[in-house]
Number of protein chains: 2
Amino acid sequence: MNRKVAPTESTADQRRLQMADIARLAGVSTSTVSRALSGSKLVNEETRNRIADLARSLNYTINIGAQNLRLKQNRTVAVVVPYDNTTRQHLSDPFFLSILGSLADALTDRGFDMLLSRVDSEQLDSISLPYDTGRAIGVILIGQWRHHDQLNKITARGVPIVVWGAQLERQMYVTIGSDNVAGGLLATEHLIQNGRKKIAFFGDVKLPEVASRFAGYQQALAAHQLPFDAQLVVPASFLENGGNIAMAELTARNVEYDALFCCSDLLAMSAINILRDQNKLVPEDVAVVGYDDIELARYFHPPLTTIRQPIQTAGLALVDSLLNIIDQQTVTPQLLPTELIFRSSSAVTK
Amino acid sequence: MNRKVAPTESTADQRRLQMADIARLAGVSTSTVSRALSGSKLVNEETRNRIADLARSLNYTINIGAQNLRLKQNRTVAVVVPYDNTTRQHLSDPFFLSILGSLADALTDRGFDMLLSRVDSEQLDSISLPYDTGRAIGVILIGQWRHHDQLNKITARGVPIVVWGAQLERQMYVTIGSDNVAGGLLATEHLIQNGRKKIAFFGDVKLPEVASRFAGYQQALAAHQLPFDAQLVVPASFLENGGNIAMAELTARNVEYDALFCCSDLLAMSAINILRDQNKLVPEDVAVVGYDDIELARYFHPPLTTIRQPIQTAGLALVDSLLNIIDQQTVTPQLLPTELIFRSSSAVTK
DNA sequence: ATGAAAGCGCTAACAC
DNA sequence: GTGTTAGCGCTTTCAT
């Protein structure tokens, strides 16, 4: 752990400038400085400018901590990213990372700071800590995992929170998510319309979002009177080499398939690599559709057909919903539209 | 812009619990509560436990803002990621994102919070804002910057700052970076040893880090008495389709080459795609080496030989250096070792 | 072992 | 237009 104990105190010797110093140098009271720096018209323009210049030249900036305390305000939002405690893997998922970027943008645009923390997905208690300690005015949680009840409890306590994830039954907290049922439907329909009939599904159905994609998958099959074959459904985690394991499993089952719908692009890519080792051609022998449309999907060979989640919109929606909750407004969960990005990995060849 | 103005105040009606409330409920003074919660032995054990239980059951946590003000302490570190103001692209670079993850881990381990902000790379003044406003005790700056002088100025002002990047002349601030000269050398030597003689270089030499890799490239050529051909050096940005543009340029120059050293994996991947379109085989006709070893490098086809930067180590080094600076210790810039990851894109075929 | 009081850096009545 | 004063939520002498 190697926990540092000492530092934390800001540089002892060279004391930080504060309002009183500016006041003294300008020959006025702190009230005047305070007013001047906040642009109040109560203070004489000439004085105001003089003070502003002085502050600028000395790189003085109002201490936000003190200001917040006094004003009982706060412009910081906590963004919490759970990680899998066995692998610590999660911040490496390209999709989560893109969402982070879009959140950073949305928050910056609205003048909020972003406090980022990773928490062990088994210790989700601590997600409300930034709020409880007054560090942040609310929490954005990326990925709801399997912690439905805990999230309900936190919400009941009055913690402003918005979760990126699926909408579940008896849910008190607000979720923003993409329409995973539609995503699964879109992907599967696309494969069916291109002549595929035995479509394997790769994903961990225990995760709510994946369960929805699976539902979409089933709907599409049903809509086209295709039989559902449980043998074609392979559990696959998002981790490291989930794709390899899933492909091994599918191969072991010795079942015929002409397409793969994978619940993440990474899964799809590693699956394609295994297919290549098995001398199966993509898309000729097996068409593949991924999920997320990460940046590398289009650089892959073959370029990957995939379901795009609206990341920019997601960041905005998460931030705006949180701010509305804080603002006491009624906020409803949102399901953002998904989109099929058609590339060569599922090109028609049948 | 759609700037929100109202909220910022924390939920008006249901007042947040504070120490005075706990004190009243426990029938003691706030001093006692304060002491109890900080585990002081001055307070009777029985009382201490009673107060602790009460606080826990009410989800009361000490208000960090007030505590910090009183104690003049702070356990927040600012992490600043500049973005290119024309494209806003930078948070999507997988490499920067991995570093972010490792920073988050290192900070969490040491009990620090991470304040994440993106700033326009043309407005780097605001880098020190989190420090100037007292929000953070120091700044870690990640990434692209040609802002040497500005950073020197900020450092001279006494802002604790550590920068991820190359070490330059007359540099007052501390940099942590990987050994880019060695990286360039490693990649080029590898290609040479596998029989390649006309190695093209893709990268924007105006960036200090790329310049170092280029130096390594030249050193390797010289060491093996291979001629340097300026025609083989192609400027390529890290952006979007820098690879496509660079490949077009190289093709237009109509010069022979049997290998590519690309300054990022993304660059390498898009270049390989173009090569494929031109019916050139990788690695048979052209061997390719990338840089960064992003997660997808090994999923690519062919799996990409690349230079790995020590990301975990980097996060630790950045954080520890910053804490040492704050701690008034002497801190020297660090050059972390790079490593060649050999995969098929540069396999020997000559 | 506990409480009263002062003060961290700032803002906002309220005075003048 | 500017200064005086009280107080945001907490910790810590200094009393008791």
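None of these values were measured; they are calculated from a predicted model. Naming: A, B, ... by sequence-line order, numbering from 1 per chain.
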What are the residues of residues 20-49 of chain B, sorted by number, that bring a heavy atom to within less than 4.0 Å of DNA chain D? B:Ser31, B:Ser34, B:Arg35
Which residues, if any, of residues 51-62 of chain A bring a heavy atom under 4.0 Å of DNA chain D? none
Please report, rounded to the nearest Å, how far the [atom2] atom of [N] is from the [atom1] atom of [X].
| X | N | atom1 | atom2 | answer |
| --- | --- | --- | --- | --- |
| A:Lys72 | D:dC10 | NZ | C1' | 13 Å |
| B:Leu69 | D:dG9 | CG | P | 12 Å |
| A:Asn68 | D:dC10 | CG | C1' | 15 Å |

Test side chain to side chain contact (heavy atoms under 4.5 Å, CB included) on A:Arg48 and A:Arg35; report intermediate values, then the result. CA-CA 8 Å; A:Arg48 201 193 325 159; A:Arg35 285 192 273 252; over 6 Å; no
Partner of B:Arg110 by side chain to side chain contact (heavy atoms under 4.5 Å, CB included), out of B:Val77, B:Leu316, B:Asp105: B:Leu316
B:Arg135 pairs by side chain to side chain contact (heavy atoms under 4.5 Å, CB included) with which of A:Leu115, A:Thr61, A:Asp113, A:Asn68? A:Asp113
Measure the shortest side-chain to side-chain distance between [X] and [Y] over non-hydrogen atoms and say whether it is less than 4.5 angstrom.
| X | Y | value |
| --- | --- | --- |
| B:Thr133 | A:Gln67 | no |
| B:Leu58 | B:Asp21 | no |
| A:Tyr173 | A:Gln150 | no |

Charged N to carboxylate O below 4.0 Å: is that the case for A:Asp53 and A:Arg50? no
Could you tell me the separation between the CZ atom of B:Arg24 and the CD atom of B:Gln18, rounded to the nearest 0.5 Å? 9.5 Å
Closest approach of A:Ile142 and A:Trp164, non-hydrogen atoms and distance? CA-CB, 4.1 Å
Exam field: side chain B:Asn59 to backbone B:Leu17, donor-acceptor pair closer than 3.5 Å: no
Check every nucleotide of DNA chain C for an atom under 4.0 Å from a heavy-atom of chain A, then give the first and the last such nucleotide from 5' to 3'. C:dG9 to C:dA13
